[in-house]
Amino acid sequence: FFGDCESSNLPSVFQITPAAGLVSILKRRVSLEGANSSVPAAPKPVSKRKVRFREPDEGLDHDEVGGDSWLLLLLLCLATVVISVGGTALYCTFGDAQSSVCTDFSHNMDFYIGQVQRGMDEVKHWLSLSS
């Protein structure tokens, strides 16, 4: 059957010997004595392990533990925005003010500052009408 096939088309099988000191968890070691003797080695006794489960403490409420996590997340988001905007502003102030990053940053800041001023004007107008 294989006489017509070239040997280069057949898969090659290599046997790799493990490095010294490494232990395989996939296959059991066969002792050299057991491999040479005709008497099979006695199987190891199976050790029984006891696993004990316990219920979690009722006094610890998960909602109470993570109650302030939203505040921490909000503070981390605000700190990230402040660092990003502040770093870009410092770069544009002391670095290359003519770069595309700085021109985009300048246009965006003009837009957002304009939006905040418009919002403040609406709030002032609303407060002046209600009093």
Side-chain angles (χ1 to χ4, degrees):
F1 179 73
F2 290 110
D4 296 342
C5 298
E6 292 182 22
S7 63
S8 64
N9 291 340
L10 296 177
S12 300
V13 177
F14 297 101
Q15 183 174 1
I16 300 172
T17 57
L22 297 179
V23 178
S24 173
I25 61 171
L26 300 177
K27 54 185 175 179
R28 296 182 182 201
R29 274 193 176 171
V30 177
S31 66
L32 293 176
E33 298 171 5
N36 293 336
S37 67
S38 61
V39 179
K44 288 184 177 180
V46 178
S47 63
K48 294 183 179 181
R49 297 181 184 175
K50 293 182 180 180
V51 179
R52 297 182 187 188
F53 297 96
R54 67 181 182 122
E55 294 292 325
D57 295 334
E58 293 296 327
L60 186 62
D61 189 11
H62 295 289
D63 292 336
E64 292 175 7
V65 172
D68 292 333
S69 62
W70 67 270
L71 181 62
L72 180 63
L73 179 65
L74 180 66
L75 289 174
L76 286 173
C77 289
L78 287 174
T80 303
V81 169
V82 166
I83 290 171
S84 176
V85 170
T88 307
L90 283 174
Y91 171 74
C92 291
T93 301
F94 298 113
D96 184 16
Q98 301 303 321
S99 68
S100 63
V101 172
C102 292
T103 55
D104 288 345
F105 179 72
S106 174
H107 291 300
N108 288 337
M109 289 307 293
D110 290 341
F111 173 76
Y112 289 121
I113 289 174
Q115 292 291 327
V116 169
Q117 286 177 345
R118 237 181 271 136
M120 295 293 283
D121 290 341
E122 287 181 22
V123 169
K124 286 179 187 177
H125 178 70
W126 184 73
L127 288 176
S128 67
L129 290 178
S130 65
S131 53

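What you see is a predicted model, and the numbers here were worked out from it, not measured in a lab. Throughout, numbering of the chain's residues begins at 1 and tracks the sequence.
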*State whether the side chain of Ser84 and the backbone N or O of Thr80 hold a donor-acceptor pair below 3.5 Å, judged by distance alone.*
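Not a single qualifying donor-acceptor pair exists.
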*Decide whether Val81 and Phe105 are clustered together by the hydrophobic rule: side chain heavy atoms of Ile, Leu, Val, Met, Phe, Trp, Tyr closer than 4.5 Å, transitively.*
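Looking at the clustering, Phe105 is in the same group as Val81.
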*Hey, any chance Ile113 and Val85 share a hydrophobic cluster, counting ILVMFWY side chains that come within less than 4.5 Å of each other, even indirectly?*
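Both belong to a single hydrophobic cluster.
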*Check Cys102 against Ala97 and note the closest heavy-atom contact, atom names and distance.*
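The answer is CB-O, 3.4 Å.
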*asked:* Would you say that more than 12 heavy atoms from the other residues, nucleotides or ligands in this model lie under 6.0 Å from the CD of Gln98, or not?
replied: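 Not more than 12 within 6.0 Å, no.
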Calculate, to the nearest 0.5 Å, the distance between atoms [atom1] and [atom2] belonging to [X] and [Y] respectively.
X	Y	atom1	atom2	result
Ile83	Leu90	CD1	CG	11.5 Å
Asn108	Thr103	CG	OG1	9.5 Å
Leu76	Leu71	CG	CG	9.5 Å

